[in-house]
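Quick notes on the structure that follows.
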Amino acid sequence: MNATHQYLFDAARAARLGDPPPPAPGTHDLAVLRAARDRRRFARVLAGRPARGGLRTALSRAVLFGASRSGPSRTAPSRTASSRTAPALCRRPAD
């Protein structure tokens with residue numbers, strides 16, 4: 001049973017008993033998200049950390065330090081002088 005089915009059962013029961021209908025699913029979603037954000041901020045203040053910017057700081061830290069810890073980068077290989085010369089097996093012997 002999903003949230004819509006439960007809402008319909010509750011609304012029918014409320015109508016039968018003469019009670020006000022329950023709120024539709026999703027009505028208070030934004031309020032719940034705001035409350036969760038406020039609780040996280042409050043916990044950060046109690047822990048002595050800045051209340052704002054934690055996610056952005058963590059993401060920038062992951063971008064800055066994550067690339068150096070991972071394996072080979074996805075950039076093009078650098079072109080050095082040794083890569084432009086032929087391997088020793090293909091060179092002609094010096095006269």
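Just so it is clear, the values below take in all heavy atoms, side chains as well, and ignore hydrogens, waters and symmetry mates. Here, residue 1 is the first one in the sequence, and each next residue gets the next number.
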Taking only residues at least two apart or on different chains, which pairs with a member in residues 9-18 satisfy salt bridge (Lys or Arg N to Asp or Glu O under 4.0 Å)?
Asp10-Arg13
Heavy-atom pair with the smallest gap, counting every atom of Pro25 and Ala3:
CG-O, 3.9 Å
Work out which heavy atom in Ala14 is nearest to a heavy atom in Pro20; give both atom names and the distance.
CB-O, 3.6 Å
Interatomic spacing from CZ in Arg44 to CZ in Arg49 - rounded to 0.5 Å
5.0 Å
Evaluate the criterion side chain to side chain contact (heavy atoms under 4.5 Å, CB included) for residue pair Arg34 and Leu30; output intermediate values, then yes/no.
CA-CA 6 Å; Arg34 284 187 194 113; Leu30 289 177; 4.0 Å; yes
Quick check on Arg37: does its CZ atom have over 12 non-hydrogen neighbours (other residues, nucleotides or ligands) under 6.0 Å away?
yes
